[in-house]
Amino acid sequence: EHVSVAMIHKAELKAEAQAKLIHEMKLKANTNKVNSAIKKLRSHVNKTWYVFSGATPAGWDCSGLTMWFYEQIGIELEHRASRQDTSGLSTKIPKPGDLVVFKYHGYKDAYHVGIYIGKGEMIHAPKHGHATRIESISKFAGKYSDVSYRTMIKTL
């Protein structure tokens, strides 16, 4: 049977459209996973206290909170802000679910991490004696910190 260039082109376009659809469905599923994990994390705001080395809702430190958050999505992170800062991909335009990383000006190691939730805010475990809270990223960073963002999972 004769196969024309037009038939091959049509088949290629169909395959391309299917691949695009599969990619969009995956992004949508990832977005749903992240939104669900954020909802779960929000339920711990003002309830879970900062506990050094903690990594569960019974008590966590900053990197323990982010570790737990990503566990809900099936992503493993190390329990150290500076290690988490080398995970995923750097991004200039954060999306909800991205990691927010804080470093003192001129330092290469991160001193704090949180979860970006949109509108310039994050959920984080601030420090000893404080509960998990939602806070403005720029307010927390003040004048002495550099802020960067890391994407662990691609979303819409």
Side-chain angles (χ1 to χ4, degrees), residues 1-45 48 54-57 60-126 132-142 145-156:
E1 194 183 321
H2 178 70
V3 178
S4 71
V5 173
M7 287 167 76
I8 293 169
H9 186 65
K10 193 175 175 184
E12 285 173 346
L13 287 176
K14 190 175 179 185
E16 212 174 278
Q18 284 176 328
K20 193 177 177 189
L21 183 66
I22 289 165
H23 180 70
E24 283 174 18
M25 286 167 70
K26 192 176 179 182
L27 288 181
K28 196 175 183 105
N30 286 353
T31 303
N32 289 340
K33 277 187 206 173
V34 167
N35 289 341
S36 166
I38 288 173
K39 191 175 176 184
K40 236 174 165 177
L41 185 59
R42 276 183 183 273
S43 74
H44 298 287
V45 168
T48 298
T56 72
W60 47 40
D61 57 17
C62 68
S63 62
L65 175 153
T66 55
M67 212 169 108
W68 179 86
F69 174 83
Y70 284 110
E71 257 171 38
Q72 309 312 300
I73 303 169
I75 296 170
E76 266 185 64
L77 287 184
E78 283 189 68
H79 196 165
R80 269 184 66 196
S82 57
R83 289 268 197 253
Q84 291 182 7
D85 182 34
T86 61
S87 303
L89 298 168
S90 176
T91 183
K92 296 275 182 240
I93 304 157
K95 291 181 179 175
D98 284 350
L99 199 61
V100 186
V101 182
F102 296 85
K103 294 175 185 171
Y104 293 115
H105 296 315
Y107 286 80
K108 65 176 180 63
D109 283 340
Y111 74 84
H112 192 67
V113 287
I115 299 295
Y116 185 72
I117 58 166
K119 297 184 176 122
E121 293 185 324
M122 66 174 169
I123 297 179
H124 71 132
T132 299
R133 68 177 175 226
I134 293 173
E135 190 165 358
S136 153
I137 292 163
S138 60
K139 184 179 171 224
F140 182 83
S145 299
D146 294 319
V147 179
S148 60
Y149 302 93
R150 315 264 333 156
T151 299
M152 303 296 152
I153 182 171
K154 289 201 185 319
T155 58
L156 292 171

Original post:
Out of Val100, Asp98, Leu65, which one pairs with Ile115 under the side chain to side chain contact (heavy atoms under 4.5 Å, CB included) rule?
Top reply: Leu65
Original post:
Within the distance-only criterion (no hydrogens, no angle test), does the side chain of Asn30 pair as donor or acceptor with the backbone N or O of Lys154 below 3.5 angstrom?
Top reply: yes
Original post:
Is there a donor-acceptor pair under 3.5 Å between the side chain of Tyr104 and the backbone N or O of Asp109?
Top reply: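 Absent.
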Can you establish whether the number of heavy atoms outside [X] located under 6.0 Å from its atom [atom1] is more than 12?
X: Ile93; atom1: CD1; result: no
X: Tyr107; atom1: OH; result: no
X: His9; atom1: NE2; result: no

For the [atom1] atom of [X] and the [atom2] atom of [Y], what is their distance to the nearest 0.5 Å?
X: Leu99; Y: Thr91; atom1: CG; atom2: OG1; result: 12.0 Å
X: Ile117; Y: Ile134; atom1: CD1; atom2: CD1; result: 4.0 Å
X: Lys108; Y: Ser82; atom1: NZ; atom2: OG; result: 8.0 Å
X: Gln84; Y: Arg150; atom1: CD; atom2: CZ; result: 11.0 Å
X: Lys28; Y: Asn32; atom1: NZ; atom2: CG; result: 7.0 Å
X: Ser36; Y: Gln72; atom1: OG; atom2: CD; result: 8.5 Å

Check the angle between the aromatic planes of [X] and [Y] and answer parallel, tilted or perpendicular using the 30° and 60° thresholds.
X: Trp60; Y: Trp68; value: tilted
X: Phe102; Y: Phe140; value: perpendicular
X: Tyr116; Y: Tyr149; value: perpendicular

Subject >> side chain to side chain donor-acceptor pair (under 3.5 Å) involving Ser90 - partner list, sequence neighbours excluded >> reply: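 Listed in chain order: nothing, the list is empty.
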Original post:
Does the side chain of Arg133 reach to within under 4.5 Å of the side chain of His124, using non-hydrogen atoms?
Top reply: yes
**OP:** Step by step, work out the side chain to side chain contact (heavy atoms under 4.5 Å, CB included) result for Ile75 and Phe69.
**Re:** CA-CA 9 Å; Ile75 296 170; Phe69 174 83; over 6 Å; no
Subject >> Worked verdict on His79 versus Asp61 for side chain to side chain contact (heavy atoms under 4.5 Å, CB included) >> reply: CA-CA 9 Å; His79 196 165; Asp61 57 17; 2.7 Å; yes
What heavy-atom pair brings [X] and [Y] nearest, and what distance separates the two atoms?
X: Ala37; Y: Ile73; answer: CB-CG1, 3.9 Å
X: Ser63; Y: Ala81; answer: CB-N, 3.7 Å
X: Ala125; Y: Cys62; answer: O-CB, 3.7 Å
X: Thr31; Y: Thr155; answer: OG1-CB, 3.3 Å
X: His112; Y: Pro126; answer: CE1-O, 3.8 Å
X: Val34; Y: Pro96; answer: CG1-O, 3.4 Å

**OP:** Just do the side chain to side chain contact (heavy atoms under 4.5 Å, CB included) check on Asp85 and Val113 with the steps written out, would you?
**Re:** CA-CA 8 Å; Asp85 182 34; Val113 287; 5.9 Å; no
Subject >> Salt-bridge contact Glu121-Lys119 (side-chain N to carboxylate O under 4.0 Å) >> reply: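 No, this pair does not count.
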